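First the structure, in the form of structure tokens, and then the observations on it.
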2 protein chains.
Amino acid sequence: MKSSLTLEHQICFQLYTASKELTRLYRPILAPLNLTYSQYLVMLVLWEEDGIDMKQLGDRLTLDSGTLSPLVKRLMQLDYVEKVRATDDERRVLLSLTPSGSALREQAEDVPVKVSGMLNIDEATYIAYMEMLIDIKARLRDFGERQE
Amino acid sequence: MKSSLTLEHQICFQLYTASKELTRLYRPILAPLNLTYSQYLVMLVLWEEDGIDMKQLGDRLTLDSGTLSPLVKRLMQLDYVEKVRATDDERRVLLSLTPSGSALREQAEDVPVKVSGMLNIDEATYIAYMEMLIDIKARLRDFGERQE
DNA sequence: TATAATTGAATTGTGCACAACTTAATTGCC
DNA sequence: GGCAATTAAGTTGTGCACAATTCAATTATA
């Protein structure tokens, strides 16, 4: 099995740089929406599932409260989201879209289109690549479960 | 082309989480070497190319001096690397391994082996995945060049 | 029903990533 | 040779990622 200590032969390095470079591509596209890449991911979840709590949001994005709390605070300063404490369980904090936050969705509709165009990739390849990434994550989780 | 605003259908999200989760896998493996993941990448380059300068190191890793300068400072505090100013061009700073930095290589030899084991992946798949990631980066660069 | 254990969110501290800027050395051009 | 443009490295400031801790609310259990 691949064990050479060369940078370019390590899948971790390829993943790491590919992720960084793709994120870099998003920056100019998201700038007009006043969103960073991570904030955009949070907004994606909220457009899908308005009223989600911090815990479930963190599960979706694989982020803990240490990352999400300040990030959501910034989205509140932008007047895109609001926090409401859940009545049934006072520990939970529910996030909901403000009118501006909802309205932003329309502007965001063509973000994926722009990105696809930049990647210049056909649908079949796109799906194949996606499945491969999902498979990598599945293997990582399998290992995690074997360890329990 | 894929344009639904759903989190899981976006290749950027899959890349982002796959990269984070793989990095997470490295953490416990690198902890005994007192290295973070990014520091490990720098060491990989140095084991390959001792005496490289900051600029070329940054090109290899796609990192700028704002990231590398403090990172290398920490590697110096760990006594793994040293800085020497180049004599031919006083702007350049060359990085070289200390004896402990060189010695660390042996301990690092089985890092890729451990990771492969955790991923539980056969060589053909590993290579296919790697090529996919390289292809994504190539497409991103193609776009960058079209823009110039 | 007390109280121990667990859970959700926030805070603190460390390190990475990057934009914008500064400084000093080198190169290009007249 | 003199001066502008470029280049390498570092600094400052912002935001993300995560470990560790705190605090309050809830749940489990003796």
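Since we're looking at a predicted model, the values are computed, not measured. Naming convention: chains lettered A, B, ... in sequence-line order (proteins, then strands); numbering from 1 in each chain.
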Salt bridge check: are B/Lys55 and B/Asp53 linked by an N-O gap of less than 4.0 Å? no
Contact check, side chains of B/Leu41 and B/Leu44, non-hydrogen atoms, under 4.5 Å: yes
In the structure I gave you, are the side-chain heavy atoms of A/Gln10 and B/Val115 within less than 4.5 Å of one another anywhere? no
I need the CG-P distance between A/Leu30 and D/dG15, as an integer number of Å. 15 Å
Can you check whether A/Lys83 has a side-chain N or O nearer than 4.0 Å to OP1 or OP2 of C/dA10? yes
Contacts to DNA chain D from residues 84-93 of chain A, heavy-atom cutoff under 4.0 Å, which residues? A/Asp88, A/Asp89, A/Glu90, A/Arg91
Do side-chain atoms of B/Tyr126 reach the backbone of A/Ile11 as a donor and acceptor pair under 3.5 angstrom? yes
Can you tell me how the ring of B/Tyr40 sits relative to the ring of B/Tyr26, calling it parallel under 30°, perpendicular over 60° and tilted otherwise? tilted
Any side-chain heavy-atom pair from A/Leu75 and A/Leu35 closer than 4.5 angstrom? yes
Just by modelled atom types, is the A/Thr62 backbone N or O under 3.5 Å from a matching donor or acceptor in the B/Lys20 side chain? yes
Does A/Lys73 make a side-chain N or O approach to OP1 or OP2 of C/dA9 shorter than 4.0 Å? no
CD of B/Glu109 to CD of B/Glu106, rounded to nearest 0.5 Å, is 7.5 Å
Any base atoms under 4.0 Å from B/Ser65, or only sugar-phosphate, or nothing? Heavy atoms, all strands. base
Is the backbone N or O of A/Leu97 less than 3.5 Å from a side-chain atom of A/Ser102, with the two atoms forming a donor-acceptor pair by type? no
Between atom NZ in B/Lys55 and atom P in D/dG10, what is the gap in whole Å? 14 Å
Take atom CD1 of A/Ile52 and atom P of C/dG8, then tell me their distance rounded to the nearest Å. 13 Å
Provide, to the nearest angstrom, the distance between the CG atom belonging to A/Leu95 and the C1' atom belonging to C/dG8. 12 Å
Examine distances only and state if a side-chain atom of A/Ser19 and a backbone atom of A/Leu15 form a donor-acceptor pair shorter than 3.5 Å. no
Provide, to the nearest angstrom, the distance between the CG atom belonging to A/Leu61 and the P atom belonging to C/dA9. 13 Å
What is the distance, to the nearest angstrom, from the CG atom on A/Leu78 to the P atom on D/dT14? 15 Å
Might you list the N or O atoms of the protein lying below 3.5 Å from N or O atoms in nucleotides 1-4 of chain D, with each pair's distance?
none

Whole Å only: how far is the OH atom of A/Tyr26 from the P atom of C/dA19? 17 Å
side-chain contact (heavy atoms from CB on, under 4.5 Å) between B/Val72 and B/Leu95: does it pass, once the steps are laid out? CA-CA 9 Å; B/Val72 166; B/Leu95 295 179; 3.7 Å; yes
What protein N or O atoms touch nucleotides 17-19 of chain D N or O atoms at under 3.5 angstrom, if any, and at what distances?
| from | atom 1 | to | atom 2 | distance (Å) |
| --- | --- | --- | --- | --- |
| D/dA17 | OP1 | B/Tyr16 | OH | 2.8 |
| D/dA17 | OP2 | A/Ser38 | OG | 3.3 |
| D/dA17 | OP2 | B/Tyr16 | OH | 3.2 |
| D/dC18 | OP1 | B/Arg24 | NH1 | 3.4 |
| D/dC18 | N4 | A/Gly66 | O | 3.3 |

Length of the line joining A/Met54:CE and D/dA24:C1', which is rounded to integer Å: 16 Å
